[in-house]
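Before any comments, here is the structure.
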Number of protein chains: 2
Amino acid sequence: MKKGRVKLKDIAEKLNISTATVSRALRNRIEIGAEMREKVKAVAKEMHYQPNFMASHLRSQRNFAIGVVIPKVNHQYMASMINGILEEATDNNFQVIINVTEHSYEKEVKAIEMFSSGIVDGLLICVSNQTKYISHIEQLQQNNIPFVFFDKDIPKIDAPKVVVDDFTGAFVAVEHLIQQGFRNIAHLQDNLVNHGSQKRLKGYYSALKKYGIVKNENFVMQIPNISIGEGRIATENLLRTYPNIDAIFGITDELAVGAIQAAKNLGRKIPEDFGVVGFSNWQISSVVNPTLSTVSQPGNEMGKIATKLLIQRIEDPEKYYEKKPIKILKTQLLVRESSSRLKNCLNY
Amino acid sequence: MKKGRVKLKDIAEKLNISTATVSRALRNRIEIGAEMREKVKAVAKEMHYQPNFMASHLRSQRNFAIGVVIPKVNHQYMASMINGILEEATDNNFQVIINVTEHSYEKEVKAIEMFSSGIVDGLLICVSNQTKYISHIEQLQQNNIPFVFFDKDIPKIDAPKVVVDDFTGAFVAVEHLIQQGFRNIAHLQDNLVNHGSQKRLKGYYSALKKYGIVKNENFVMQIPNISIGEGRIATENLLRTYPNIDAIFGITDELAVGAIQAAKNLGRKIPEDFGVVGFSNWQISSVVNPTLSTVSQPGNEMGKIATKLLIQRIEDPEKYYEKKPIKILKTQLLVRESSSRLKNCLNY
DNA sequence: ATGAAAGCGCTAACAC
DNA sequence: GTGTTAGCGCTTTCAT
């Protein structure tokens, strides 16, 4: 990019050969003899040659790069997804470019538009929880840019997806609380825009129903801006209004940790007379006192699978054009102190 | 990139004008009349035109993009830095491409090489704690690619840097422990490759010296792979070997949280007979029991300043060629429960 | 095995 | 104001 950068032509002139030969030699094409290949490579190294990404990809129409659109990368679960993506991509010699939307719809649109400009071969998309419109995604389909949804799902869009089983994860969490003897279980939700959140809500209701517990809509609180503090405030309000509530299922560990703080502040004994379960297995969940039971999600695996799916589609668009697999990964309930009312039920 | 993507030529043919006119109209060049401009834009929108990033930047030699090389994005401090970077970059109409090295030297070299290929106008670099060689950085300088170090510093490289005052941060933390009456203060270190770590060690020694406490080399433990568990194990070993140790200064909050766990396991009362201070103000520090005193770093501000510095250099290389400013940001000691032996000293 | 030449999609210099 | 032309740096025919 910068002035004076060494280019193919410079190497070619130095060796009195053509740029085509240099290009071929550097890319180990078989037409070039071993001797010439080594000579070219030596000179390239000596001159500190760096191939121009823009030029080579403009010409070859291939980037060997995937773009990742993700709201935030701020906790263990997200980090493990990124890890999985990076591992799988690196194994396939793909570069990874990450773009963080910070849960802004506008930034998401911008990120996707930017990635649509030919800088990557395909996209891994985790939509923000503010994403209500989908035209930017449909645009990708019209432009034939391969993409795979991961972690978050937009049901009405027909595309490959890798998500966790939010319904069962929530169901098992709430069932566990019921089996531990809790009956009046409240649920701290996010803004419910996200499809996964809706499934967790259904899982919560379904578990109650299975055990003949009448659901109480007032026990479900929507918390648009998730944080520990918001979780604490919401729980304090809930418990003051409905003192009979004896457990909280939080849609994230942050809310659940807030619930633990609130319950302790109000003199509830955890887990003796108050149970809490979270979702995602953040680092805080194993550090908070009492340690937080939570539903862990296989982030690394999810990142790997989504990336593998995407690369398959990039490498062979025809073959995979029709197939739009939806992979639903299993969650695992980690029982820690915050819900272990009965003896010997801890599994983590 | 994909077949059938609409290009300037398609718009030009449709309107029976030249591609140059289309290009100018879309970029709001004043030579083009308002009428034509709107007409072109309408058609472009109608045809779902997306400019080809590669082609335009190959031609104009400008990308309006910066690359970020960072070891991990796995906790609040890193996230706040990324936030600051994104905010400042967006304000200046720059795209941000993030590449995570996972503290691998090889991945760092690869990332920087990839970014050197003309995809970005400049780089923001936070070196990994495994980075012992610097030829890949020197290469950037030779290629005239602007870059700014942030958070982590390689002293021998003459480049713009934005870092926190590790020395004073550590000094104040240890001084605080001393003022709280702790005398036998151990220090949990990382692998000491990083310059910031070395400064924190010096700050630790310096505080001891100021208060006439003879330093004991055995009280400093190197922990290459930082985690809560490693911090706990190291502290347990330390306390078994040197039971007179009455406080720990951890180079990160993870190690400090491990130290809290270890001290509790061994029956030490925190903060009555054992003090702990960490560094960075991770989310876990406010959640752990007792809450962890820590040295907070202005991540958002750091990201902003580093980005501003980089963009200045990109926009006007000549003007800033000679200047290599080193910005050292202040840290803040957050006194929480883990070190508050004296009454009323909590400030957070 | 190597070179000449075309061209990826776009923008800038120069015409008019 | 708009068109023509050249060319960014590279890869890929098509020659030889």
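Computed from a predicted structure; not experimentally measured. We name chains A, B, ... by the order of the sequence lines, and we start the count at 1 in each one.
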Round to the nearest Å and state the distance from [X] atom [atom1] to [N] atom [atom2].
X: A:N52; N: D:dC8; atom1: CG; atom2: P; result: 12 Å
X: A:Q61; N: D:dC10; atom1: CD; atom2: C1'; result: 12 Å
X: B:L58; N: D:dG9; atom1: CG; atom2: P; result: 7 Å

*Under 3.5 Å, is there a donor-acceptor pair between the B:Y49 and B:D10 side chains?*
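No.
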
*A:N92 (side chain) donor-acceptor with A:E88 (main chain) under 3.5 angstrom*: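 Checking the backbone N and O of A:E88 against the side chain of A:N92, a donor-acceptor pair under 3.5 Å is found.
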
*Backbone N or O of B:F64 within a donor-acceptor pair of the B:D121 side chain at under 3.5 Å?*
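Checking the backbone N and O of B:F64 against the side chain of B:D121, a donor-acceptor pair under 3.5 Å is found.
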
*Salt-bridge criterion met for A:E46 and A:K14 (N-O under 4.0 Å)*: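 Answer for the salt bridge query: yes.
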
*Answer yes or no: is there an ion pair linking B:R62 with B:E315, defined by an N-O contact shorter than 4.0 Å?*
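So B:R62 pairs with B:E315 through a salt bridge.
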
Pairs under 3.5 Å (N/O, protein and nucleotides 2-4 of chain D):
from  : atom 1 : to    : atom 2 : distance (Å)
D:dG3 : OP2    : B:S18 : N      : 3.1
D:dG3 : OP2    : B:S18 : OG     : 3.1
D:dG3 : OP2    : B:T21 : OG1    : 2.2
D:dG3 : N7     : B:R24 : NH2    : 2.7
D:dG3 : O6     : B:R24 : NH1    : 3.2
D:dG3 : O6     : B:R24 : NH2    : 3.0

*Only one of A:I125, A:L124, A:L86, A:L123 passes side chain to side chain contact (heavy atoms under 4.5 Å, CB included) with A:V68; say which it is.*
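Filter result, single survivor: A:L124.
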
*May I ask you to check whether B:Y105 and B:H136 place their ring centres under 6.0 Å from each other?*
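Under 6.0 Å, so yes.
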
*Just how large is the angle between the end axes of the helix from C:dA1-D:dT16 to C:dC16-D:dG1, five pairs per end, to 10 degrees?*
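Taking five pairs per end, the axes differ by 40°.
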
*asked:* Heavy atoms only, 4.0 Å cut-off, all strands: where does A:F53 land among base, sugar-phosphate and nothing?
replied: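 The answer is nothing, as A:F53 stays clear of every strand by at least 4.0 Å.
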
*Taking only N and O in the side chain of A:R29, is any of them less than 4.0 Å away from OP1 or OP2 of D:dT11?*
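For D:dT11, neither OP1 nor OP2 has a side-chain N or O of A:R29 closer than 4.0 Å.
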
_Below 4.0 Å from chain B heavy atoms, what is the first contacting nucleotide of DNA chain C and what is the last?_
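First-to-last contact on DNA chain C, by the 4.0 Å heavy-atom rule, is C:dG9 to C:dA13.
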
